[in-house]
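Reviewing the structure listed below.
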Amino acid sequence: MGTIHDFFTSQLLEWYKPTQRPLPWKSEKNPYYIWLSEIILQQTRVEQGRAYYEKFKKNYPTVQDLANAGEDQVLKNWQGLGYYSRARNLHQAAKYIVSDLGGKFPATHEDILKLKGVGEYTAAAIASFAYDLPFAVLDGNVFRVLSRFFGIKTPIDTGEGKKEFKKLAQKLLPPLEAARYNQAIMDFGATICMPKKPKCVSCPFRSECSAFINKNITFLPIKAKKTFKKERFFHYLRLNIGDFVYLHKRSEKDIWQHLYEFPLYEADRILDVETVKNKAFDGLLEGVNIVIKRQSKVYKQVLSHQKISAIFMEFELLDALVDRNNNWIQIKKERLKEYAFPKIIDLYLNDNSLYLNLF
DNA sequence: AAATCGGGGGA
DNA sequence: TCCCCAGATTT
């Protein structure tokens with residue numbers, strides 16, 4: 001009957017009447033495209049993900065096209081978006097759908113959840129958007145809206161919090177309007193009940209919102225953990241030999257897994273060219289004739305858990321290097337644009353002032 | 001339960 | 001600077 005929960009749900013759907021954000025995947029019913037959009041939008045703002053969604057739809061119109069692509073090619077398309085394991089999981093799941101499911105996208109919540117890279121949120125989103133199945137989404141927007149309206153102070157980044165909010169979210173979901181409700185609550189969180197400076201003046205829940213009434217808006221939702229940022233200093237060796245340049249594929253358990261980079265020497269501070277030349281790669285450069293050497297400016301990139309400073313040191317080699325561990329590949333300079341690089345290398349490669357100067 | 005995985009944007 | 005974004009996986 002007229003519970004506070006019913007009030008919330010009906011008011012939300014009323015608010016949503018005219019679609020708040022006209023997003024390209026909202027009218028979409030193809031589960032493959034919905035899946036693409038949801039993976040791309042994990043921890044990613046709508047405006048940042050939009051172009052990638054269009055690119056993937058264009059380059060991989062069907063799940064078969066994605067499955068048939070090479071992993072490096074998929075990563076190249078993902079370049080610049082971050083969280084690159086999403087791209088690899090996406091590709092792996094596409095191959096699984098084609099080989100094990102006969103190319104038919106899974107149509108139950110349980111089966112959708114089996115896809116690599118699909119967790120509780122994404123499974124609920126696909127199940128509701130594509131098949132109108134009654135599963136409530138629980139993303140950053142939902143945590144924020146519910147914690148404020150209901151005045152819930154349980155930290156959202158704990159097991160207890162996740163359980164509590166999941167139960168509440170599912171209770172609020174109108175089973176026959178799962179898709180519309182899920183989109184409504186996320187749009188509401190993104191356009192009205194924002195993290196900072198929410199638009200409470202135009203909020204239809206104002207008079208019933210616990211956080212507004214108790215002036216707790218800036219204080220909810222509560223997170224328990226704080227992040228620590230580590231500083232790192234990368235020295236990239238751009239080793240030119242004739243028309244070729246050396247590249248290395250990152251495989252260690254670290255950032256940018258499976259992306260390419262120049263041979264890297266990491267230290268606890270930025271070093272000068274001579275020091276790097278002497279120390280880097282365990283004397284690998286020894287005995288090699290170097291005709292030119294110079295360095296770029298220091299590029300900086302701040303990530304969630306680390307702050308990276310990178311400097312590119314340029315060498316023209318007359319002799320090929322001895323690659324003891326078979327870690328590096330030689331490629332033609334003009335093919336650099338075919339490889340997926342971390343942002344910081346992309347910056348360097350596209351820095352016009354340096355680029356024109358060097359080639 | 002805690003640690004990691006990116007890059008962009010707003011305040 | 002710090003926080004957050006249509007989170008998931010690994011340890």
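In the text below, chain A, chain B and the rest are named by the order of the sequence lines, each starting its count at 1. These numbers come from a predicted model, not from an experiment.
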Self-check item: For DNA chain B, the dot-bracket pattern of Watson-Crick and G-U pairs whose distances stay under 3.5 Å, | for other-strand partners
Solution: |||||.|||||

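Salt bridge annotation for A/Asp187-A/Lys26: present, with a cationic side-chain nitrogen under 4.0 angstrom from a carboxylate oxygen. With respect to the salt-bridge test (charged N to carboxylate O, under 4.0 angstrom), the residues A/Lys17 and A/Glu14 qualify. Using a cut-off of 4.0 Å between Lys/Arg side-chain N and Asp/Glu carboxylate O, A/Lys162 and A/Glu120 are scored as not salt-bridged.
Here the rule is ring pair (Phe, Tyr, Trp, His ring centres under 6.0 Å) with A/Phe165, and of A/Phe150, A/Phe143, A/Phe149 only A/Phe143 fits it.
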Practice problem: Do nucleotides 4-11 of chain B as a string where each nucleotide becomes B, S or -: B if the base has a protein heavy atom under 4.0 Å, S if just the sugar-phosphate does, - if no protein is that close. | Solution: BBBBB-BS

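Remark: A/Lys116 is not positioned above the aromatic ring of A/Tyr96, lacking an NZ or CZ atom under 6.0 angstrom from the ring centre and at most 45 degrees off the axis.
Separating the NZ atom of A/Lys226 from the P atom of C/dT1 is a distance of 19 Å, rounded to the nearest angstrom. Between A/Tyr181 atom OH and C/dA6 atom P the separation is 17 Å, expressed in whole Å. B/dA3 atom P lies 11 Å from atom CZ of A/Phe228, rounded to whole Å. In this structure, A/Leu41 atom CG and C/dA8 atom P are separated by 12 Å, rounded to whole Å. Atom P of nucleotide B/dA2 and atom CG of A/Asp157 are separated by 9 Å, given to the nearest angstrom. Between A/Arg144 atom CZ and C/dG7 atom P the separation is 10 Å, expressed in whole Å. Remark: C1' of C/dC4 and NZ of A/Lys223 are 7 Å apart, rounded to the nearest angstrom. Atom pair A/Trp25:CH2 and C/dA6:P shows a separation of 10 Å (rounding to whole Å applied).
At a threshold of 4.0 angstrom between heavy atoms, the contacts of A/Thr122 are confined to the sugar-phosphate backbone, with no base atom among them. Within 4.0 Å of A/Glu47, counting heavy atoms only, lies no atom of the nucleic acid at all.
Annotation: the span from A/Ser27 atom OG to A/Tyr33 atom OH amounts to 12.5 Å, rounded to 0.5 Å.
Comparing C/dA6 with B/dA11, their P atoms are spaced 14 Å from each other, to the whole Å. C/dT11 and B/dG6 have their P atoms separated by 15 Å, with the value rounded to a whole Å. Taking the P atom of each, C/dC3 and B/dA3 are spaced 16 Å apart, rounded to whole Å.
The closest side-chain heavy-atom distance from A/Leu12 to A/Phe8 is below 4.5 Å.
The closest side-chain donor-acceptor pair between A/Asn77 and A/Tyr52, if any, does not fall under 3.5 angstrom. Under the 3.5 Å distance criterion, with hydrogens and angles disregarded, no donor-acceptor pair is assigned to the side chains of A/Thr9 and A/Asp6.
Judged by closest nucleotide on DNA chain C, A/Phe129 is the one of A/Gly117 and A/Phe129 placed further toward the 5' end.
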